[in-house]
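Here the structure is laid out as C-alpha cells; the discussion comes afterwards.
For ligands, and for the atoms within them, numbers begin at 1 and follow the listed sequence.
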Amino acid sequence: MKFFRRFKILGTGSFLPEKVLTNHDLEKMVDTTDEWIKTRTGIEKRHVASELQAASDLVREAAKEALKNAGIAATALGAIIVGTISPDTMFPSTACWVQKDLEIPGIPAFDISAACSGFLYGMDIGSAILPAIGKPILVAGVDVLTKITNWEDRGTCVLFGDGAGVAILAPTDEDKGYLSSIIGADGSLGELLVQPAGGSRMPATHETVDRKLHTVHMKGNEIFKHAVRTMGDAAVAAIEESGIPPDDIDMFVPHQANNRIIEATCKRAKVPLSKTHITISWHGNMSAGTIPIAFHDAVSKGLIKRGDKVLFAAFGGGFTWGASVLVF
Ligand code: ACO
C-alpha cells in the first residue's frame, strides 16, 4: 500500500442534542407525511438543539468523548479545526469558542465553511498540516441546521437535524492514514443551496428576517442530480487514487442527506450497500456533523476495526465535495 499521508486517528466521539423531532411531529407542523419523508429520504427522526445549545456546545461534548477514547488530555492538542456552516457567531470562529471551553489557549483554532463536506475538508487540511503542528489535531464536523431552518418550508425542514462529531489525528510511522484524499468545489452552482442573508452581501435587516432570508434556501431536486453524480465521481476517483480495488474497501461512510443519493453513490463506486454504514434514519442531514457521527458510530460498534480501509464521500452547498480512502 502506498500512503498519501500517514496519520493515526487516536479517538473519535460524537454528540447529539437530547430533544428528538419525529416525522409524526413534523406532520403536525407542515403539509407532509411520515411515509413521504421515509420513502423520499430514509429519515425517521432528527435531534434538535435547545435554545441554549450552539455549535461549540455540541463539539465540546463530542471532543470530551474523543479525548477520552484517544487517552489524551486536551492540553496535548496542537490545533482545533471545525467544519461548520452554522457557527455560534459569524466571528469568533466556533473553533475559538471550543478552545475557550476546553481551556487550551495558544494553539491555532479555525473554522472551515464547506457545508456537508466540512468534515472531509477538515480531515484533509488537518492531515496536511499535521507534520508542521507535530501534535494531535482535533477535527470536528458540526451543524445546528435547525437554527437556520424555515419551519414553514416542507421542502427543507423535514431534512435537517443537529449534531457534532470529532476525530483526533496524530502523527504516526504506522501503516495508517490516507491512501487518497480529494476535496473540490464549484462555486458557480452556489445559488442552488444558500443562506442568503446575514453576511456582507445582504446584511441583517428587519426585512431580511421577516422574509426568512437567514434560513436555508435549497433547490432540492436540482441538487439531487448534482449530488448523485459528484459524490459518485469523487468516490470513484478516491478509490482509483488509493490504488486498491473497490472490493478491498471494508466500510463506506457516506454523507447522509438522502438514502437514494447513498444508493446511487454505492452503485457508481461499486461498493455494496452491505459494506455501507447508513445512519440517516435516526438523525437526518446534519451537514458537516453527519460523517463524523456515522464514523464514530461504526467505530464504537466495532464495525470499523484497526487496519480496516474506510471510504468516505460527501457533497454539499458551495458546491463542495470530498472523498478519501483511509486505513484506520
Ligand atoms: N412532504 C410532502 N411532499 C413534499 C415535501 C414534503 N416534505 N417536500 C416536497 N414535497 C413535494 C413537492 O412539492 C413535489 O410536489 P409536486 O410533484 O406536486 O410538485 C413533490 O413532493 C416532489 O418534490 P421534489 O423536490 O421533486 O422531490 P424529490 O424526490 O427531489 O425529494 C429532496 C426532495 C428530498 C429534497 C431531494 O431532492 C434531495 O434529497 N435533494 C438533495 C438534498 C441535498 O443533498 N442537499 C445537499 C446537502 S445539504 C447542505 O449542504 C446543508
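For the pair Arg46 and Asp162, the salt-bridge criterion is not met [side-chain N within less than 4.0 Å of a carboxylate O].
For ligand 1, residues of the protein lying within 4.0 angstrom by heavy-atom distance are Asp31, Thr32, Trp36, Arg40, Thr41, Ile85, Ala115, Cys116, Arg154, Gly155, Val158, Leu159, Leu193, Met218, Gly220, Asn221, Ile223, Phe224, Ala257, Asn258, Arg260, Ile261, Asn285, Ser287, Gly316, Gly317.
Taking Lys147 as the reference, nothing meets the salt bridge (charged side-chain N to carboxylate O under 4.0 Å, His left out) condition, with sequence neighbours excluded. Applying the salt bridge (charged side-chain N to carboxylate O under 4.0 Å, His left out) criterion to Asp153, with sequence neighbours excluded, gives no partner residue.
Checked against a 6.0 Å centroid threshold, the rings of Phe119 and Phe312 do not count as neighbours.
The closest donor-acceptor contact from the side chain of His226 to the backbone of Phe224 lies at 3.5 Å or more, if one exists at all.
Counting only residues at least two apart or on different chains, the side chain to side chain donor-acceptor pair (under 3.5 Å) pairs with a member in residues 299-317 are Asp297-Lys301.
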